[in-house]
Amino acid sequence: MNIQYDSSSDSKYVQIRKGKIDSTKKEFDWLMLDYTHEGEIIGVEILDASKHPISITTIGDRLLELSVVVAPKSESDIAYNEVNSDDSNKIFAMKPDFAEAA
Amino acid sequence: MSKKTTGGTQPTKVQCVWGHLCSLTSIDQERNNVSLFNVIEQLNLPAKLFEDAKKAKNVAIISLNYEVVLNFRRIVSIDVSDPIGVEMKLSLIDPTGKAIQETILPIAFNPGSKRLRTRVRMKTFTLTTEGDYVYRVDIKETPESDFITVLNIPIEAVSKS
C-alpha cells in the first residue's frame, strides 16, 4: 500500500495497488473508493482524515477489509483504540475466496 | 507489496512497549487493567492446508479469531498535553520474508494520555507455507517520513499430518 497525505486539506489517499481507475464510488461524504473496470478497489480517498480514522487491510494487492477505528470513550489515563470491535465498524469486507482450512 | 522498512532508526515521538497476539483481551473498566487470554505463539495446522495453498494462489486464509494488542508510550521528552497522531502498519511476514497481509491504521494519543493501547481484532490468518511468521509493527510519525519498525511478534505455523 502507498499512503499519501495532504496536510493542507487533511485528506489521505491509500493506493492499494497500481492500476487504471475506471470509476469512483462515494461511500460517504468523506470516503471515496476507486474501482477498476473489473470492479476491484484499488484506491481509497479519505477526506477530513484526522476525523475519520480508517483501518485498511489487504492481502497481497487485494483489499480485504475497511473498518472504522473506534476511539476510546473512557477518560482514563490509558486511551485505547479498537478496530473491528463489531461488524458495524466495517465499511467493506471481502469474503476470501482463497483456499481455506478444512 | 513492500516488505522493506526504510528510513530512520528509532522513532522520536512514540515507542512500542509491548505487543502480543492472543485469542481474547478483556479490559477491567473499573481499574483499566487489560487481561490477555491465550497468547498465541504457534499455530498447528493440517498439512493439507499448505498443499492447497500451493495449488491455489500460493496463499491460504484460515478462519481464526485473534487480537493483536499493542501498548505504546510517548517518548519522555514529548509534552503530554500535546496530541500525537501517527500511522501504524501491521505486516504479516511469511517465512520467505514476503509481506502477505498488511493493515494500516492511524493511532492517536489524546492530550494528557501518556500511554495508548491498540487492539486490532482479526478474523483471518493468511498463510503460504509452514515456518516462522512475524507480525511486524511499523509506525510513520509524519506523513513525509518512512515507516520505522518498532516491534516484531513471532508466530510459528506448524504442519500436522
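Order of the sequence lines sets the chain letters (A, B, ...), proteins ahead of strands, with each chain counted from 1.
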Under 3.5 Å, which donor-acceptor pairs link side chains of residues 39-48 of chain A to any protein atom two or more places apart or in another chain?
| residue | atom | partner | partner atom | Å |
| --- | --- | --- | --- | --- |
| A:E40 | OE1 | A:R17 | NH2 | 2.7 |

Reported CG-to-NE2 distance for the pair B:L151 and B:H20, which is rounded to 0.5 angstrom =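 B:L151 CG to B:H20 NE2: 8.5 Å, rounded to 0.5 Å.
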State the CD1-CZ distance between A:I3 and B:F147, to the nearest 0.5 angstrom.
->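 Going from CD1 on A:I3 over to CZ on B:F147, the span is 4.0 Å.
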Any pair with a residue in residues 122-132 of chain B that passes salt bridge (charged side-chain N to carboxylate O under 4.0 Å, His left out), sequence neighbours left out, goes on the list, sorted by first then second residue, please.
->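 Passing the test, one end in residues 122-132 of chain B: A:D87-B:K123.
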Side-chain donor-acceptor contact under 3.5 Å, [X] with [Y]:
X      : Y     : result
A:E65  : A:T57 : no
A:Q4   : A:D6  : no
B:Q101 : A:T58 : no

Below 4.5 Å from any heavy atom of chain B, which atoms of A:I56 appear? Answer side chain, backbone, both or neither.
->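 For A:I56, heavy atoms of backbone and side chain both lie under 4.5 Å from chain B.
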What's the verdict on side chain to side chain contact (heavy atoms under 4.5 Å, CB included) for B:Y66 and B:N38, showing C-alpha distance, side-chain angles and the deciding distance?
-> CA-CA 9 Å; B:Y66 63 99; B:N38 300 330; over 6 Å; no
Look at B:L105, B:I104, B:V120 and state which one has the largest set of heavy-atom pairs under 4.5 Å with chain A.
->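 Answer, by heavy-atom pair count under 4.5 Å with chain A: B:I104.
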By number, which residues in residues 7-16 of chain A have some heavy atom less than 4.5 Å away from chain B?
->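 Hits under 4.5 Å: A:K12, A:V14.
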Residues of residues 18-25 of chain A within contact distance of chain B, non-hydrogen under 4.5 Å =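 So no residue qualifies.
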Which atoms of B:E144 approach chain A - backbone, side chain, both or neither, heavy atom under 4.5 Å |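 When you check distances to chain A, no heavy atom of B:E144 falls under 4.5 Å.
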Is it the backbone or the side chain of B:I27 that comes under 4.5 Å from a heavy atom of chain A, or both, or neither?
->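 When you check distances to chain A, only side chain atoms of B:I27 fall under 4.5 Å.
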Closest approach of B:P106 to B:E87 (non-hydrogen atoms, all atoms of both residues) |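 That closest heavy-atom pairing would be N-OE2, 3.8 Å.
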May I have the step-by-step check of salt bridge (Lys or Arg N to Asp or Glu O under 4.0 Å) for B:R136 and B:D138, ending in yes or no?
-> CA-CA 6 Å; B:R136 190 179 71 204; B:D138 302 324; 3.1 Å; yes
Check ion pair B:R121-B:E67 (N to O, under 4.0 angstrom) =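 Looking at B:E67 together with B:R121, the answer is yes, because their closest N to O distance falls below 4.0 Å.
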